[in-house]
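Note that the structure is predicted; figures quoted are calculated from it, not measured.
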Amino acid sequence: MLAELVFVTRFLGLASGETDVVLRASDDVRRVEIRRDGKTLTSIAAPPFRTTVQLGADLGPYELTAVGFDAAGSEVASQSRPVNASVPEAEAVIDLAREGKAATVRLRWWHVDGLAPVSAVLKLDGKIVSRERGTGPVPLGEITDAAIHIVSLDLRFPDGRQARREIAFGASEQVPVELTAIGVRQRDGARPAAEACFRVPGKETAVAPVAVERGAGTVLFILNGDPPMWLRDDKVKRRGVFNLNDVEIAVVSPSLQRHGDAVFFQSARVPQDLGVIGALKAFAPPGNSQFAQAIATTGMRLAGGDRRRAIVYVLGINPKKDAGEIDPASVRRYLQSIGIPFHVWSLTGPRADQEALWGPVTDASSATKLVQATTDLRNDLATQRIAWLAAPPLAAYGATASADCAYAPLTEQWSAAGSAALTHPLTK
């Protein structure tokens, strides 16, 4: 039997600086090393496997790996977990068991609020096997051929969250299939999307996306300061020029909240017919606001979804000082590394002081200028697509595309365009 080594710490929020790490291991694991991107951070000489590691100020994303050794010093177990990557708020697990030609699976799940799923769909090679939500064994029948078979599980929870898991297995082996959604920009006059023109770190050959979707969109606004009088004037009405069409709009509170191990920032949806104006009129940032962490945490949340996305940080009158300790420059680098378009708007005119912190700031200090800012945001979203790559998050975030590919990863464009793309993303 293989030794067991599991991260108890789930890294549900942003991690930097000194961070507690807790692991669970079977009795044959006597020592554990914790590594970041292959570099050893610390070694735990004996159970209990609990320690504090120094992750530094960089937000990543990156990977922590725990490696277990037995009494003889041989490596007997390892597990990796992405940190500051797209951590799902609900997860599905498929445990496959083989006995001769017969195959069975057991289903497990995890939900940030401890909820049980309201629906479950288990499929074998695209055909539904079961809709049961229990954890008992589900027979898949006898597998007599040598072909690769795909088992997939789709779960839906009462709060609307969903979780999906796939595993692939053949005559004698099981290989997890992990799909990651990344943001890409559609390009004109390029080869068909199905072509293998993406390069993923760790893979020698180019890969094609499993799927490319337009999907719905989400824009999250984070507001700092008081609304100017011109914004509160009734003359600024709910006009179509301030709408984002089929894009969901929400305002994120910069006040940090905790739920168990999870750190999050609450958000409130804005009725679609109110558009951008509806978001901006929600100005009411509370005291002790942590704007940089709210922006970075919001970015991590968006990176894990299958929606076109953008974050807009809006400066009003007398913006408040950030009560957190995260450096805005590190937040910009982090958003770039996970492919989240980031816009900074000022409702009071040019803000050189804020540009020093956040990079270019769009002047949205009148109805006319706000219309242009909204148009730029709408164009940004219109040219985005979501590409599903058969790769874990950290590898997928590092994907590049050839010049004639139909799509360019947002991370690649941002790096190529420089800091100006923080406010003015490429819209080819």
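In the displayed structure, E75 atom CD is contacted under 6.0 Å by more than 12 heavy atoms of other residues, nucleotides or ligands. The neighbour count for E248 CD, taken as heavy atoms of other residues, nucleotides or ligands under 6.0 Å away, is above 12.
Judged purely by atom type and a 3.5 angstrom limit, D20 has no side-chain atom pairing as donor or acceptor with the backbone of T52. N84 places a side-chain N or O within 3.5 Å of a backbone atom of L59 that can act as its donor or acceptor partner. Using modelled atom types, no side-chain atom of R131 and backbone atom of I128 make a donor-acceptor pair closer than 3.5 Å. At distances below 3.5 Å, at least one donor-acceptor pair connects side-chain atoms of R185 with backbone N or O atoms of D380. Between the side chain of S289 and the backbone N or O of F291, no donor-acceptor pair lies under 3.5 Å. Panel note: side chain T383, backbone N379; a donor-acceptor pair is recorded below 3.5 Å. Between the side chain of R156 and the main chain of A120, no donor-acceptor pair closer than 3.5 Å is present. No donor-acceptor pair closer than 3.5 Å links the side chain of E18 to the backbone N or O of V53. Side-chain N or O atoms of N318 include none that pairs as donor or acceptor with a backbone N or O of G225 at under 3.5 Å. Put simply, the side chain of R333 never gets that close to the backbone of G60: no donor and acceptor are under 3.5 Å apart.
Among all heavy-atom pairs drawn from A391 and V200, the shortest one is CB-CG1, 3.9 Å. In plain terms, the two heavy atoms of T411 and A399 that are nearest each other are OG1-O, 4.1 Å. The two residues P393 and T180 have their closest heavy-atom pair at N-OG1, 3.3 Å. The shortest heavy-atom contact between D273 and N243 is O-OD1, 3.7 Å. A303 and I340 get closest at one heavy-atom pair: N-CD1, 3.8 Å. Residues R309 and G339 come closest through the heavy atom pair NH1-O, 4.0 Å.
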*Could you go through the side-chain contact (heavy atoms from CB on, under 4.5 Å) check for T362 and V344 one step at a time?*
CA-CA 6 Å; T362 296; V344 183; over 6 Å; no

*asked:* side-chain contact (heavy atoms from CB on, under 4.5 Å), that's the test. Do L140 and V105 meet it? Break it down for me.
replied: CA-CA 7 Å; L140 299 181; V105 296; 3.7 Å; yes

*asked:* As a quick check of understanding, evaluate side-chain contact (heavy atoms from CB on, under 4.5 Å) for L153 and L107, giving each step before the final call.
replied: CA-CA 8 Å; L153 173 63; L107 314 182; 3.9 Å; yes

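With rounding to the nearest 0.5 Å, the separation of CG in L220 from OG1 in T297 is 12.0 Å. In this structure, CZ on F265 lies 5.5 Å from CD on Q290, to the nearest 0.5 angstrom.
Between F7 and R24, the closest side-chain pair of non-hydrogen atoms is not below 4.5 Å. A 4.5 Å side-chain heavy-atom check between I386 and I182 finds every atom pair outside the cut-off. You'll find the side chain of L55 reaches within 4.5 Å of the side chain of L41, heavy atoms only. Considering only heavy atoms from C-beta on, L347 comes within 4.5 Å of W230 through its side chain.
H343 and D376 form no side-chain donor-acceptor contact under 3.5 Å, judged by distance and modelled atom types alone. Under the 3.5 Å distance criterion, with hydrogens and angles disregarded, a donor-acceptor pair is assigned to the side chains of R307 and T218.
Within the structure, every pair that satisfies the salt bridge (charged side-chain N to carboxylate O under 4.0 Å, His left out) test and touches residues 359-368, not counting sequence neighbours, is listed here: D363-K369.
Under the 6.0 Å cut-off for aromatic ring centres, W345 and Y313 do not qualify, their centroids lying 6.0 Å or more apart.
The pair D246-R308 counts as a salt bridge, with a side-chain nitrogen and a carboxylate oxygen less than 4.0 angstrom apart.
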